[in-house]
Amino acid sequence: MVNAIKGLFISCDIPMAQFIINLHSSLPASQKFIIYKLDNTHLFVQPTVGEMIRSAISEFRDQNSYEKPA
């Protein structure tokens, strides 16, 4: 019998994967979302966290963006 789990496949570069892994590690055990780390650039996560990951990445990019002074 097959044991299947529904999830979201993420393919990204190594720094982005590390960002997602660190985000996962910073949460309490009840909110952990990584189902399986396939390799350095591929993750399998719970399907409900896609938007949360996108917003965390967007917030991180906004914090690390340079805006030319007026």
Side-chain angles (χ1 to χ4, degrees):
M1 186 164 155
V2 176
N3 186 10
I5 298 173
K6 186 175 182 178
L8 180 67
F9 178 73
I10 297 177
S11 178
C12 56
D13 59 358
I14 293 173
M16 187 56 64
Q18 286 300 312
F19 176 80
I20 295 170
I21 291 168
N22 288 337
L23 177 65
H24 169 82
S25 298
S26 70
L27 296 173
S30 63
Q31 296 179 351
K32 302 275 184 184
F33 56 85
I34 293 179
I35 297 171
Y36 194 75
K37 182 181 171 199
L38 300 166
D39 61 23
N40 289 336
T41 60
H42 299 95
L43 302 168
F44 191 60
V45 301
Q46 294 178 0
T48 57
V49 297
E51 190 57 41
M52 188 264 299
I53 293 171
R54 283 187 198 98
S55 65
I57 291 169
S58 177
E59 184 178 317
F60 178 74
R61 286 182 178 162
D62 289 344
Q63 291 174 355
N64 291 311
S65 295
Y66 174 76
E67 291 185 22
K68 185 177 178 181

Who passes ring-ring contact (aromatic ring centres under 6.0 Å, His included) against F9, sequence neighbours left out?
H42
I need the I21 CD1 to N40 CG distance, nearest 0.5 Å.
8.0 Å
CG of L43 to CD1 of I20: how many Å apart, nearest 0.5 Å?
5.5 Å
Please list all pairs passing the side-chain hydrogen bond (donor to acceptor under 3.5 Å, both in side chains) test where one or both residues lie in residues 15-34, with sequence neighbours left out.
none
Partner residues of N64 under the side chain to side chain contact (heavy atoms under 4.5 Å, CB included) criterion, sequence neighbours left out:
F60
For [X] versus [Y], what's the shortest heavy-atom pair and its separation?
X	Y	value
A17	C12	N-SG, 3.5 Å
L27	L23	CG-O, 3.4 Å
P47	G7	CD-CA, 3.7 Å
I5	F44	O-CZ, 3.6 Å
I35	K6	CD1-O, 4.0 Å
I34	K37	CG2-N, 4.2 Å

Could you state whether L38 and V45 fall into the same hydrophobic cluster, counting links through intermediate Ile, Leu, Val, Met, Phe, Trp or Tyr residues with side-chain heavy atoms under 4.5 angstrom apart?
no
Under a 4.5 Å cut-off applied to non-hydrogen side-chain atoms, are I53 and L8 in contact?
no
